[in-house]
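Report on the structure given below.
Along the sequence shown, the residues carry numbers beginning at 1.
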Amino acid sequence: MKTQALFLAVWFVFPALWLSAQHEFKATDFSRQINLPDNQGTVNINQYLGKSDDYKALTQQLSDLELALKEKQVDCDAFASAGLTERHARCLQAAAALNAKKDSMSGVIDRFKEDVIRLARTFESEKDNSALFRQARTLFEAGKFREANTLLDVNDLSALGEEGLEKAQTAARLFHIKALTKALDYADPLRIDSTAFCYRRSLRYADNPAVLYDMAVFFYDNHVYDSAFAWFPVLAAHHKAEAWQVANAYSYLGDLHTATGNLPAAMTYYEKLLAAAESLAKEDTDFKQRLCIAYERFGSTHTALGNLSEALTFFETQTTLFEELHAAFPQNVYFKNGLAISYWKLSTILLRLGKLDESRAKCVVFQNMSQDLAVESPTTVEYQANIAIAKAYLNGLAILLGSRQDRSDIISAISVLEKIVANTGIVYYQKKVAIIHKMARPDSDLKSCLLELTSF
């Protein structure tokens, strides 16, 4: 696999729900209905996933890893209770490794679901009456994704593509389907290269922006960033690309340039994203979500450039949009968590601007919303950690403002986060614990600690 080594910066402060939908309009619940073209109704993705042996195998692997992690956590607790320090430390390392594998498998399953959504949309939107297309669709609807790919494997699609314009169009559609089914075959060690070959073959026979989009996103999702860098600009400049495809391309390109440290180029693409999203939002309320992402990107980039007043303006607008989305869809966890984190972002910028009272007020809202989310989803570690971090932050602010002297909430935050680290091994929280430990010391530079705690 030819992959450019590139670290993609995480722009969001907290690592779970908010990160799941950075670019596309991804589902928070994959049993959702997806809209079909030309008002032809909807289709339930879950009906295909439930029939898929490959999906069952992936979810079983995840369950096995979750069980192994729980058993390891029991061992770690036993070693800690017995005072076996070295064995406890080794156990925590093993738990962290298991947690990393679990997170990796969760990512695979999320990509699998998104690929199924793309495949379902393609089958519904493509107008093809060829026997191969109908047979492949029947297999897909039966959950036999790998069999659909095998069906297309044993037929010479390249030869079909050389039999005139009409057959070339059919070959292009079938190669598109083949690329999408190949992307679902995680057992194939050549999955990346084989999928890329099918996408390029499809484009050889028909210049289709839908294929360009799926291919560029596939490269990005599978960390082939050099190819993603190459193809997203082609998509953005395509004269037949739909507005939402172009907007997403700008978002991806902005993030890619940010990851490589080219902030001026990133800002250029975020400006294009913002213009596209604002235009689309006038006709489609769903694009408020895209606007939230655009404003967050601008805020984060301005923060990195040291333009704090500009960053504050963008984060304030993002918060307003999330408030509108949360009011319209109060049961949507993604919108509620996004709104909570937007208040945290405001709090961190206000701290940097020296507006400590305002920073405290925004953090209180973040803390309260995190508590509500924790009640609704008590097993979600993120919410418990967010509450602890907010408590430590507010305790530190209160000391700076002279309204309290004790550090009891800082101490309790350490206890909560250390327990989370012991159970999950998540490095992100280990770093937060280390910072809060410094805050607990009477001689600590609290302002510096708070800035470090809230760093992006």
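The backbone N or O of L321 lies less than 3.5 Å from no partner atom in the side chain of E324, so there is not a single donor-acceptor pair. Looking at N222, its side chain does come within 3.5 Å of a backbone N or O of F218 through a donor-acceptor pair. In this structure a side-chain-to-backbone donor-acceptor pair under 3.5 Å is missing from K432 to I389. Side-chain N or O atoms of S347 include none that pairs as donor or acceptor with a backbone N or O of Y343 at under 3.5 Å. Within the 3.5 Å criterion, the main-chain N or O of A374 finds no donor-acceptor partner in the side chain of S377. With T59 contributing its side chain and K56 its backbone, the two residues share a donor-acceptor pair below 3.5 Å. Not one N or O on the side chain of S104 forms a donor-acceptor pair closer than 3.5 Å with the backbone of A100. Side-chain atoms of T313 come within 3.5 Å of backbone N or O of S309 as a donor-acceptor pair. Looking at N307, its side chain never comes within 3.5 Å of a backbone N or O of E310 through a donor-acceptor pair.
Other residues, nucleotides and ligands place no more than 12 heavy atoms under 6.0 Å from the NZ atom of K391.
Between the side chains of S359 and Y393, a donor-acceptor pair is found at a separation under 3.5 Å. Inspection of the R173 and N208 side chains reveals no N or O donor paired with an N or O acceptor under 3.5 Å. Looking only at atom types and distance, the side chain of T380 has no donor-acceptor partner in the side chain of Q384 under 3.5 Å away. Side chain to side chain, Y213 and N248 meet the donor-acceptor criterion of an N or O pair below 3.5 Å. In this structure, a donor-acceptor pair under 3.5 Å is present between the side chains of Y270 and D255. Donor-acceptor pairing under 3.5 Å is lacking for the side chains of N332 and H326. Side-chain polar atoms of R352 and T454 form a donor-acceptor pair below 3.5 angstrom.
Using a 4.5 Å cut-off on side-chain heavy atoms (C-beta onward), L253 and L273 make no contact. Side-chain contact between M215 and L203 is present, with heavy atoms from C-beta onward closer than 4.5 Å. In this structure the side chain of T317 never reaches within 4.5 angstrom of the side chain of F298, judged on heavy atoms. With contacts defined as side-chain heavy-atom distances shorter than 4.5 Å, the pair M267/H302 qualifies. Looking at F335 and F322, their side chains come closer than 4.5 Å, going by heavy atoms from C-beta outward. Two residues are said to be in side-chain contact when any heavy atoms from C-beta on lie closer than 4.5 Å; E358 and L353 fail this criterion. Between E114 and R118 there is a side-chain heavy-atom pair separated by less than 4.5 Å. Using a 4.5 Å cut-off on side-chain heavy atoms (C-beta onward), W344 and C363 make contact.
Note that CG of D188 and OG of S194 are 5.0 Å apart. Values are rounded to the nearest 0.5 Å. Taken from OG1 in T320 to OH in Y295, the straight-line distance is 9.5 Å, to the nearest 0.5 Å. Rounded to the nearest 0.5 Å, atoms CG (L152) and OG1 (T181) are 5.5 Å apart. Expressed to the nearest 0.5 Å, how far CE of M105 lies from CD of Q61 amounts to 4.0 Å. Atoms CG and CZ, on L139 and R134 in that order, are 13.0 Å from each other to the nearest 0.5 Å. In this structure, K113 NZ and S52 OG are separated by 12.0 Å, a value rounded to the nearest 0.5 Å.
Listed here is the closest heavy atom pair of A340 and M369: CB-CB, 3.8 Å. Nearest approach of T258 to A266, heavy atoms of both residues: OG1-CB, 3.2 Å. Here the closest non-hydrogen pair linking A241 and V246 is CB-CG2, 3.8 Å. For N386 against S370, the heavy-atom pair with the smallest separation is CB-OG, 3.8 Å. Summarising the geometry of A216 relative to A228, their closest heavy-atom pair is O-CB, 4.2 Å, with the distance given to 0.1 Å. The heavy-atom pair separating L308 from I349 by the smallest distance is O-CG2, 3.7 Å.
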**Request:** Take Y220 and L256 through the side-chain contact (heavy atoms from CB on, under 4.5 Å) test and state the conclusion after the steps.
**Result:** CA-CA 9 Å; Y220 185 95; L256 285 165; 3.9 Å; yes

**Request:** Please step through side-chain contact (heavy atoms from CB on, under 4.5 Å) for the pair Y429 and E382, ending with a clear verdict.
**Result:** CA-CA 10 Å; Y429 295 130; E382 176 195 5; 4.1 Å; yes

**Message:** Assess the residue pair L350 and L312 against the criterion (side-chain contact (heavy atoms from CB on, under 4.5 Å)); give the C-alpha distance rounded to whole Å, side-chain angles, the decisive distance to 0.1 Å, and a yes or no.
**Reply:** CA-CA 8 Å; L350 289 165; L312 180 62; 4.1 Å; yes

**Message:** One pair to check against side-chain contact (heavy atoms from CB on, under 4.5 Å): L346 and T319. What are the steps and the verdict?
**Reply:** CA-CA 8 Å; L346 287 174; T319 302; 3.3 Å; yes

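Looking at E141 and K51, no side-chain N of the basic residue comes within less than 4.0 Å of a carboxylate O on the acidic one, giving no salt bridge. Salt bridge present: R137 and E124 bring a charged side-chain N and a carboxylate O closer than 4.0 Å. Salt-bridge formation is not detected for the pair E66/K102: no Lys NZ or Arg NE/NH1/NH2 atom is positioned less than 4.0 Å from an Asp or Glu carboxylate oxygen.
The aromatic rings of Y186 and F112 are tilted relative to each other, their planes meeting at an angle between 30° and 60°.
In this structure, the ring of F123 has its center less than 6.0 angstrom from the ring center of F140. When ring centroids are compared, Y225 and F219 stay outside the 6.0 Å threshold. Between Y48 and Y55, the distance from one ring center to the other does not fall under 6.0 angstrom.
Partner of D185 under the salt bridge (charged side-chain N to carboxylate O under 4.0 Å, His left out) criterion, out of K178, K144, R146: R146 alone.
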